[in-house]
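In what follows, a single structure is set out as structure tokens and then discussed.
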Amino acid sequence: MTQKLAPTEYPVHDFIRSRWSPRAFSDRAVEPEKLLSLLEAARWAPSSYNHQPWSFIVATKEDATEYNRLLSTLVEFNQGWAKNAPILILAVAKIRTDDGKTNRHAFHDVGLALENLILQATSLGLFAHQIGGFNPDIAREKYQIPEDYEPATVVTVGYPGDPQNLPDGLRDRELAPRTRKPLTEFVFTGKWGHTSPLLKG
């Protein structure tokens, strides 16, 4: 296992420091009760007007047909490493409310639910990697997703594996230090681009 604690400038919870998105996964199956715990954590995420606009299509390696169906929605590059994760989850956003109005917060709220899921995974010794490289049209067709819903992302979940099993390019990325923009680049006060005085001490 590769531990990659975030080099934070200020204290944060250990779950946040230790959460990262590996591509190397063990073939160890995830216990059903742990998977249910992740989904329960997602269930209790906040959302605008409590609309809870998230849905999840779950596939595990115990059902090869369903697993391969979901795997096939990924672009080829991502299939190459994601196929080792024991769980795939397609997150779907309900982009219209029941009265037909556009819910402009839908993707934001699905993100909140996934962050709950991911932090719960971290607390259980699991890791998750969200994937933007998938084909939402293929996902819509394969799962007959209604038009008021939009496939948002696919998430791999599992126990960490050995980075040495990844191809050279991915192995280097797996082992590289974690980096983030400094707070001074995105925390503003007064007007856009004006760094908050909180950060000038």
Side-chain angles (χ1 to χ4, degrees), residues 16 19-23 25 29-124 126-158 170 181 186 192:
I16 296 172
R19 182 227 61 82
W20 65 289
S21 303
R23 289 187 174 87
F25 285 95
V30 173
E31 299 84 345
E33 61 271 18
K34 289 189 177 182
L35 175 54
L36 290 171
S37 180
L38 306 191
L39 296 169
E40 182 71 8
R43 176 181 174 229
W44 287 99
S47 62
S48 177
Y49 289 96
N50 200 27
H51 283 313
Q52 305 165 56
W54 48 76
S55 294
F56 303 107
I57 296 172
V58 181
T60 70
K61 283 199 170 180
E62 282 73 24
D63 186 334
T65 299
E66 287 305 318
Y67 186 90
N68 289 328
R69 184 204 305 258
L70 189 40
L71 185 68
S72 72
T73 68
L74 303 182
V75 299
E76 184 176 358
F77 169 80
N78 287 325
Q79 287 186 34
W81 62 266
K83 66 185 179 184
N84 297 315
I87 297 172
L88 300 175
I89 300 173
L90 172 63
V92 180
K94 185 179 181 186
I95 57 175
R96 290 188 182 83
T97 60
D98 290 341
D99 58 4
K101 295 179 181 177
T102 298
N103 180 2
R104 73 182 199 86
H105 304 292
F107 286 98
H108 169 271
D109 293 346
V110 170
L112 288 173
L114 287 176
E115 183 70 354
N116 268 20
L117 183 153
I118 289 166
L119 291 178
Q120 183 67 19
T122 304
S123 78
L124 297 172
L126 297 165
F127 285 84
H129 188 127
Q130 295 183 74
I131 301 172
F134 79 106
N135 190 314
D137 293 328
I138 291 176
R140 182 181 298 282
E141 178 183 354
K142 285 184 178 289
Y143 293 105
Q144 301 175 15
I145 296 170
E147 63 179 14
D148 286 349
Y149 294 77
E150 186 69 31
T153 189
V154 175
V155 184
T156 57
V157 178
L170 287 183
K181 296 177 182 178
F186 61 86
W192 186 262

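As the structure is a computational prediction, the values presented were derived from the model and not from experiment.
- Between the CG atom of Asp109 and the CG atom of Leu114 there is a distance of 11.0 Å, given to the nearest 0.5 Å.
- Looking at heavy atoms from C-beta onward, Ser47 lies in side-chain contact with Trp54 at the 4.5 angstrom threshold.
- Residues Pro136 and Pro151 approach most closely at O-CG, 3.7 Å, considering heavy atoms.
- In this structure, CD in Glu76 is found 7.0 Å from CD in Gln79, a value given to the nearest 0.5 Å.
- The closest side-chain heavy-atom distance from Thr73 to Lys142 is below 4.5 Å.
- Side-chain atoms of Val154 and Ile89, non-hydrogen and from C-beta on, never get closer than 4.5 Å to each other.
- When the side-chain contact (heavy atoms from CB on, under 4.5 Å) test is applied to Ala42, the partners found at least two apart in sequence or on another chain are Phe56, Ala113, Leu117.
- Using modelled atom types and a 3.5 Å distance limit, the side chains of Ser21 and Arg23 yield no donor-acceptor pair.
- Ring geometry, Tyr49 versus His51: the interplanar angle falls from 30° to 60°, so the pair is classed tilted.
- Atom CD of Glu40 sits in a crowded spot, with more than 12 heavy atoms from other residues, nucleotides or ligands closer than 6.0 Å.
- Using a 4.5 Å heavy-atom cutoff, the side chains of Leu90 and Ile145 are in contact.
- When all heavy atoms of Ala82 and Leu74 are compared, the closest pair comes out as CB-CD1, 3.6 Å.
- Not one N or O on the side chain of Lys83 forms a donor-acceptor pair closer than 3.5 Å with the backbone of Asn68.
- Rounding to the nearest 0.5 angstrom, the gap separating the CG atom in Leu36 from the CD atom in Glu31 is 11.5 Å.
- Looking at Gln130 and Ile118, their side chains come closer than 4.5 Å, going by heavy atoms from C-beta outward.
- The shortest non-hydrogen separation linking Leu70 to Leu88 is CD2-O, 3.5 Å.
- Counting heavy atoms from C-beta outward, Thr60 and Leu35 have side chains that approach closer than 4.5 Å.
- In this structure, the separation between CG on Asn103 and NZ on Lys101 is 11.5 Å, given to the nearest 0.5 Å.
- Between the side chain of Glu150 and the backbone N or O of Ala93 there is no donor-acceptor pair closer than 3.5 Å.
- Gly132 and Thr153 get closest at one heavy-atom pair: N-OG1, 4.2 Å.
- Taking CD of Gln144 as the reference point, atom OH of Tyr149 lies at 14.5 Å (rounded to 0.5 Å).
- The closest side-chain heavy-atom distance from Ile131 to Trp81 is below 4.5 Å.
- Between the Asn78 side chain and the Phe134 main chain, no donor and acceptor come within less than 3.5 Å of each other.
- Pairs of residues two or more places apart, or lying in two chains, that qualify as salt bridge (charged side-chain N to carboxylate O under 4.0 Å, His left out) and include a residue from residues 85-94 are Lys94-Asp98.
- Contact between Phe127 and Phe25 at its shortest, heavy atoms only, is O-CE2, 3.6 Å.
- When the shell of 6.0 Å around CD of Glu33 is examined, it contains more than 12 heavy atoms from other residues, nucleotides or ligands.
- Scanning both residues, Ala128 and Val155, for their nearest heavy atoms gives CB-CG1, 3.8 Å.
- Here CZ of Arg140 is found 11.0 Å from CG of Asn135. Values are rounded to the nearest 0.5 Å.
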